Amino acid sequence: MLGNQSSATEFYLLGFPGSKELHHLLFATFFFFYSVTLMGNMVIILIVCADKRLQSPMYFFLGHLSALEILVTSVIVPVMLRGLLLPGMQTISLAACVTQLFLYLSLGTTEFALLGAMAVDRYVAVCNPLRYNVIMNSHTCIWVVIVSWVFGFLFEIWPVYATFQLTFCKSNVVNNFFCDRGQLLKLSCNNTLFIEFILFLMAVFVLFGSLIPTIISYTCIISTILKIPSASGRRKAFSTCASHFTFVVIGYGTCLFLYVKPKQTQAADYNRVASLLVSVVTPFLNPLIFTLRNDKFMEAFRDVVKRCCQLLRD
C-alpha cells in the first residue's frame, strides 16, 4: 500500500492466480499460441510481398493487419510469459507501464480503422467490380494505411495521458498480467467517473466509427450476392469476403465486451479473460482465418515453398 499523498513510480502485475504447475501449463499454452502467431503472420507478410499474384489491395491490407497482430501480441505476451515463469508478482516501471498501455491501445485503434477500410474494399470489389482498380488504386491504398496508423497513435495520446495524470495512492498492485487501464483506474484515489465516461465515449467512437461502415458495406455485399443468378457465382463472391467477415465478428465482439462499457473498472477476472482473447487468441486465429480457406493464397504459399526447396537443392 502507498501513502495517501504519494503516487506509484512502479507497479506490480498480479498476473494469474493458481499453483506453480498451473502457471507452467499456462506458459506452455500461451508460448505455443505466441509462436504460431508470430510464424503465421510473418508467413502472410512474406508471401504477400514475394508473390506478384497477391499484389492487390485486399492482400496489401492483410499484410498490414498481420503486422499489427504481431505487434499487439508482442506488446503483451512476452511480459505475461515472464510473469508465469517467475515466482511472485512482476515489477514494471511507470515508464514501461505507460509505453505498454499506449502501444496496446494505439495498435488496437489502428487495427479497427484498417478493418473498416478492408470492409469498404470488399464492398467496392463485389458491388462495383468494373471500377475497382480505379477506386482502390495503389495511391488510395497507401493513404488509407498511413491514415489508419497515424489516427490510431494520435487518438490514444490523450486517454493514456489522462490515465497517468491520476494519483495512484490506494495501491500499486495491478490485478492483471499487463498494465490494464481498468485496473489502473481502480488504484486511483481521484474521482474517475468523468474520465471513465470520456473513455467510454472515445471507445464507442473508435469501435462504431469503423463498425458502421463495415455493417453498411456487408449489407450491400449480401444484397448484391443474393442477386447473382448462379450458385457458383454466389459462392465465389462470398468467399472473397468470408475471411474478413469472420475476423470482424471475432475482433469486434471481443472488444465490445472489453472496452465499450460505461464502467471501465470492470471485475479483474472479466478483464483478464477478455484481454487474453484480444492479445492472444485473435492474433493466433488471424493466419488461420485468412489463409486456410483462401485458395489463391495457398497456391502462392505452395509455389514459394517449392522455390525455396529448389534453391536449397541447388
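Bear in mind the structure is a predicted one, so any value in this text is a computation, not a measurement. All residue numbers refer to positions in the sequence shown, counting from 1.
- Leu184 and Phe197 fall within a single hydrophobic cluster, where Ile, Leu, Val, Met, Phe, Trp and Tyr side chains are chained together by heavy-atom contacts under 4.5 Å.
- Side-chain atoms of Ser188 do not come within 3.5 Å of backbone N or O of Phe168 as any donor-acceptor pair.
- The hydrophobic cluster containing Leu46 does not contain Met58, counting ILVMFWY residues as joined when their side-chain heavy atoms lie under 4.5 angstrom apart, directly or transitively.
- Taken as a pair, Cys179 and Cys97 meet the criterion of an SG-SG distance shorter than 2.5 angstrom.
- Taking CG of Leu185 as the start and CD of Glu196 as the end, the distance is 5.5 Å to the nearest 0.5 Å.
- One N or O on the side chain of Ser148 and one on the backbone of Val144 form a donor-acceptor pair closer than 3.5 Å.
- With contacts defined as side-chain heavy-atom distances shorter than 4.5 Å, the pair Arg181/Leu199 qualifies.
- The side-chain heavy atoms of Phe178 and Met80, taken from C-beta on, include no pair separated by under 4.5 Å.
- Taking the six-membered ring for Trp, Phe205 and Phe155 have ring centres closer than 6.0 Å.
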Report task. Decide side chain to side chain contact (heavy atoms under 4.5 Å, CB included) for Leu14 and Val174; before the verdict, give the C-alpha distance in whole Å, the side-chain angles of both, and the deciding distance to 0.1 Å. Result -> CA-CA 6 Å; Leu14 198 58; Val174 179; over 6 Å; no
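- Between the side chain of Thr99 and the backbone N or O of Ala95 there is at least one donor-acceptor pair closer than 3.5 Å.
- A salt bridge links Arg53 with Asp303: the distance from a Lys NZ or Arg NE/NH1/NH2 to an Asp or Glu carboxylate oxygen falls below 4.0 Å.
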**Report entry** Test log, rule side chain to side chain contact (heavy atoms under 4.5 Å, CB included), inputs Phe112 and Leu211
**Finding:** CA-CA 8 Å; Phe112 282 115; Leu211 184 60; over 6 Å; no
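- Remark: Leu105 CG to Leu101 CG distance equals 4.5 Å, nearest 0.5 Å.
- Listed here is the closest heavy atom pair of Leu84 and Phe30: CD1-CD1, 3.9 Å.
- Residue pairs that meet the ring-ring contact (aromatic ring centres under 6.0 Å, His included) test with at least one member in residues 67-89, sequence neighbours left out, do not exist here.
- A donor-acceptor distance shorter than 3.5 angstrom exists from the side chain of Asn137 to the backbone of Val134, with no hydrogens or angles considered.
- Annotation for Phe27: atom CZ counts as buried by contact number, over 12 foreign heavy atoms lying within 6.0 Å.
- The aromatic rings of Trp143 and His139 sit perpendicular, their planes meeting at an angle over 60°, well past the 30° parallel limit.
- The shortest side-chain heavy-atom distance between Leu285 and Thr246 does not fall under the 4.5 Å cut-off.
- Classification of the Phe164-Phe11 ring pair by plane angle, with boundaries at 30° and 60°, yields perpendicular.
- The aromatic rings of Phe297 and Phe301 lie parallel to each other, with less than 30° between the two planes, well short of the 60° mark.
- Using a 4.5 Å cut-off on side-chain heavy atoms (C-beta onward), Phe61 and Asp121 make contact.
- Side-chain contact between Ile146 and Val150 is present, with heavy atoms from C-beta onward closer than 4.5 Å.
- Between the side chains of Thr109 and Glu156, at least one donor-acceptor pair of N or O atoms lies under 3.5 Å.
- Side-chain N/O atoms of Thr192 and Asn190 include no donor and acceptor closer than 3.5 Å.
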Requested in this report: Please report the C-alpha distance between Leu276 and Phe16 in whole Å, then the side-chain angles of each, then the deciding distance to 0.1 Å, and finally whether the side chain to side chain contact (heavy atoms under 4.5 Å, CB included) criterion is met.
Outcome: CA-CA 11 Å; Leu276 278 174; Phe16 294 88; 3.9 Å; yes
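- When all heavy atoms of Ala300 and Leu54 are compared, the pair lying nearest together is CB-CD1, 3.9 Å.
- A side-chain N or O of Tyr34 and one of Ser74 form a donor-acceptor pair less than 3.5 Å apart.
- Follow the hydrophobic side-chain contacts under 4.5 Å out from Leu201 and you reach Ile195 in the same cluster.
- Counting all heavy atoms, side chain and backbone alike, Ser66 lies closest to Ile44 at OG-CG2, 3.3 Å.
- Both Ile135 and Leu114 belong to a single network of hydrophobic side chains, linked directly or stepwise wherever heavy atoms of I, L, V, M, F, W or Y lie under 4.5 Å apart.
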Requested in this report: May I have the step-by-step check of side chain to side chain contact (heavy atoms under 4.5 Å, CB included) for Thr282 and Glu69, ending in yes or no?
Outcome: CA-CA 8 Å; Thr282 303; Glu69 295 289 23; 4.1 Å; yes
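- Looking at Ser210, its side chain does come within 3.5 Å of a backbone N or O of Val206 through a donor-acceptor pair.
- When side chains are defined from C-beta on, Pro287 does not count as touching Val43, because their heavy atoms never get closer than 4.5 Å.
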Requested in this report: Just do the ring pair (Phe, Tyr, Trp, His ring centres under 6.0 Å) check on Tyr161 and Phe102 with the steps written out, would you?
Outcome: CA-CA 9 Å; Tyr161 173 79; Phe102 177 69; over 10 Å; no
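- Rounding to the nearest 0.5 Å gives a distance of 10.5 Å between CZ of Phe177 and CG of Leu81.
- Proximity of Arg272 to Pro17: side-chain heavy atoms (C-beta onward) are separated by under 4.5 Å at one or more points.
- Note that CH2 of Trp149 and CG of Leu107 are 6.0 Å apart. Values are rounded to the nearest 0.5 Å.
- Side chain of Ser223 to backbone of Thr219: no donor-acceptor contact under 3.5 angstrom is found.
- A continuous path of Ile, Leu, Val, Met, Phe, Trp and Tyr side chains, each step under 4.5 Å between heavy atoms, connects Leu38 with Phe32, placing both in one hydrophobic cluster.
- Residue-environment remark: OH (Tyr132) exceeds the threshold of 12 foreign heavy atoms within 6.0 Å.
- Distance alone, capped at 3.5 Å, places no donor-acceptor pair between the Gln90 side chain and the Leu86 backbone.
- Residues Phe60 and Cys141 come closest through the heavy atom pair CE2-O, 3.6 Å.
- With values rounded to the nearest 0.5 angstrom, Arg82 atom CZ is found 9.5 Å from Leu13 atom CG.
- In this structure a side-chain-to-backbone donor-acceptor pair under 3.5 Å is present from Ser171 to Val173.
- Heavy atoms only, all atoms of each residue included: Ser279 and Val77 are closest at O-CG2, 3.9 Å.
- Inter-residue side-chain proximity for Tyr59 and Lys296 is flagged as met; some heavy-atom pair is nearer than 4.5 Å.
- Here the CD atom belonging to Glu111 is positioned 5.0 Å from the CG atom belonging to Leu65, to the nearest 0.5 angstrom.
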